[in-house]
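In what follows, a structure is listed as structure tokens, so that the remarks can point back to it.
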Amino acid sequence: MTARNISQFWEWGRKIICVGRNYADHAKELKNAIPTEPILFLKPPSAYVREGSSILVPRYSNNLHHEVELGVVIGKGGTAIPESAAMEHVAGYALCLDMTARDVQDVCKSKGLPWTRAKAFNTSCPISEFIPKERIPDPGNVTLWLKVNDQLRQNGCTSQMIFSIPYLISYISEFITLEEGDLILTGTPKGVSAVQEHDQLQAGIQDVVTMSFRVDRQEK
Ligand SMILES: O=C(O)/C=C/C(=O)CC(=O)C(=O)O
Ligand SMILES: [Mg+2]
């Protein structure tokens with residue numbers, strides 16, 4: 001059997017665990033309360049999309065939003081990982097988008113239903129190349145940005161996160177065993193907005209990585 005390479009973690013079929021409302025400015029822009037403990041949801045591995053393929057607006061949505069986020073790639077699994085040891089479990093990072101059908105999410109919220117249809121559809125998780133841990137020495141202090149058709153929409157710093165990466169790893173692993181190849185999306189800063197068919201999205205982490213995606217509509 002050929003050895004698997006963590007730099008292709010998206011091919012492993014592992015979990016994508018997402019944190020919501022982890023930036024106060026984003027929680028406020030959507031008129032949500034600031035959370036007192038992490039809010040979590042999941043995406044399936046079929047949500048991954050890589051550069052060269054398009055982000056697809058689901059047939060059932062007319063308000064697809066971008067959310068730029070720092071993704072943390074788990075390199076060593078564990079259960080009930082103490083916060084003090086959490087960073088030993090990180091292999092690296094990826095720049096991620098948490099594409100969100102906001103109109104569908106609003107309906108789910110109003111009915112008290114899970115956000116699965118709004119957040120977990122095919123192509124809802126565009127990702128960059130794998131970024132080895134050494135290339136981001138302080139993941140708690142990097143700038144994330146996103147442009148739509150060359151217009152800057154999001155520009156935030158991970159220092160604004162309410163719950164830190166070590167805290168999130170420890171919190172999640174209390175009740176979900178983390179495995180090598182899992183990805184944690186750590187939440188988005190303010191500036192989320194709608195994208196349309198044929199838009200070009202560009203996003204980056206400081207001078208570390210950039211990525212671009214075109215938006216298309218799912219065919220009838
Ligand atoms: O509660 C809402 O209206 C929206 C919450 C989110 O979409 C949460 C996130 O995914 C995030 O903050 O990154
Ligand atoms: Mg998000």
Side-chain angles (χ1 to χ4, degrees), residues 10 15-49 55-58 60-74 93-128 139-140 142-148 153-165 167-169 171-172 176 182-195 201 203-205 211 213 215:
W10 54 86
K15 301 183 285 298
I16 307 171
I17 303 159
C18 308
V19 183
R21 303 181 195 161
N22 198 25
Y23 289 74
D25 57 3
H26 170 61
K28 279 187 205 148
E29 77 180 340
L30 293 185
K31 303 192 171 29
N32 290 308
I34 311 296
T36 52
E37 68 178 300
I39 296 170
L40 302 177
F41 56 93
L42 297 168
K43 289 181 191 273
S46 47
Y48 281 131
V49 58
I55 298 167
L56 299 179
V57 183
Y60 52 80
S61 174
N62 288 308
N63 193 15
L64 181 65
H65 276 199
H66 55 79
E67 296 189 356
V68 69
E69 310 202 2
L70 179 66
V72 177
V73 181
I74 298 298
Y93 305 94
L95 178 61
C96 306
L97 304 184
D98 168 17
M99 299 306 297
T100 303
R102 197 70 72 196
D103 45 355
V104 179
Q105 186 186 37
D106 287 345
V107 172
C108 294
K109 283 170 66 180
S110 71
K111 293 182 176 171
L113 294 172
W115 298 348
T116 312
R117 217 163 169 243
K119 292 276 199 181
F121 55 88
N122 293 346
T123 79
S124 63
C125 191
I127 48 163
S128 71
V142 284
T143 302
L144 309 175
W145 58 268
L146 180 137
K147 292 179 182 175
V148 180
R153 297 277 176 87
Q154 291 190 269
N155 188 25
C157 184
T158 55
S159 61
Q160 300 162 330
M161 281 184 197
I162 297 167
F163 303 107
S164 70
I165 292 168
Y167 183 85
L168 290 171
I169 291 172
Y171 180 90
I172 293 166
I176 299 177
D182 284 349
L183 178 71
I184 301 173
L185 266 61
T186 54
T188 198
K190 73 172 180 195
V192 300
S193 67
V195 299
L201 308 192
I205 303 177
M211 64 181 188
F213 286 89
V215 179

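Position 1 is the first residue of the sequence; numbering continues from there. Counting starts at 1 for both ligands and their atoms, in listed order.
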Within-4.5 Å side-chain heavy-atom neighbours: [X] and [Y]:
{"X": "Met161", "Y": "Val19", "value": "no"}
{"X": "Cys125", "Y": "Trp10", "value": "no"}
{"X": "Gln160", "Y": "Pro189", "value": "yes"}
{"X": "Ile165", "Y": "Thr158", "value": "no"}
{"X": "Tyr48", "Y": "Leu183", "value": "yes"}

Give a yes or no on this: more than 12 heavy atoms of other residues, nucleotides or ligands lie within 6.0 Å of atom NZ of Lys28.
no
Distance under 4.0 Å to a non-hydrogen atom of [X]: what atoms of ligand 1 satisfy this?
{"X": "His26", "result": "11 (C), 12 (O)"}
{"X": "Gln105", "result": "2 (C), 4 (C), 5 (C), 6 (C), 7 (O)"}
{"X": "Gly20", "result": "8 (C), 9 (C), 11 (C), 12 (O)"}
{"X": "Glu69", "result": "13 (O)"}
{"X": "Leu30", "result": "3 (O), 4 (C)"}

Closer than 3.5 angstrom, by distance alone: can the side chain of Ser124 be matched with the main-chain N or O of Phe121 as a donor-acceptor pair?
yes
Judged by atom type as modelled, is there a donor-acceptor pair below 3.5 Å linking the side chain of Lys119 to the main-chain atoms of Asp98?
no
Roughly how far, to the nearest 0.5 Å, is the [atom2] atom of [Y] from the [atom1] atom of [X]?
{"X": "Lys147", "Y": "His66", "atom1": "NZ", "atom2": "NE2", "answer": "13.0 Å"}
{"X": "Thr100", "Y": "Glu67", "atom1": "OG1", "atom2": "CD", "answer": "3.5 Å"}
{"X": "Leu185", "Y": "Ile16", "atom1": "CG", "atom2": "CD1", "answer": "7.5 Å"}
{"X": "Tyr171", "Y": "Leu40", "atom1": "OH", "atom2": "CG", "answer": "6.0 Å"}
{"X": "Asn122", "Y": "Ser46", "atom1": "CG", "atom2": "OG", "answer": "5.0 Å"}

Heavy-atom contact check, 4.0 Å cutoff: does [X] meet ligand 1?
{"X": "Val19", "result": "yes"}
{"X": "Gly187", "result": "yes"}
{"X": "Lys119", "result": "yes"}
{"X": "Phe41", "result": "yes"}

For ligand 1, is there an N or O atom under 3.5 Å from any N or O atom of Lys109?
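Yes; the residue has a nitrogen or oxygen that sits under 3.5 Å from a nitrogen or oxygen of the ligand.
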for atom 9 (C) of ligand 1, nearest protein heavy atom and its distance come out as Glu67 OE1, 3.3 Å
For ligand 1, indicate whether the residue [X] contacts it via side chain, backbone, both or neither (heavy-atom separation under 4.0 Å).
{"X": "Arg21", "result": "both"}
{"X": "Thr188", "result": "both"}
{"X": "Arg102", "result": "side chain"}

Of the protein N/O/S atoms, how many lie under 2.8 Å from the Mg ion (ligand 2)
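Under the 2.8 Å cut-off, the count stands at 3.
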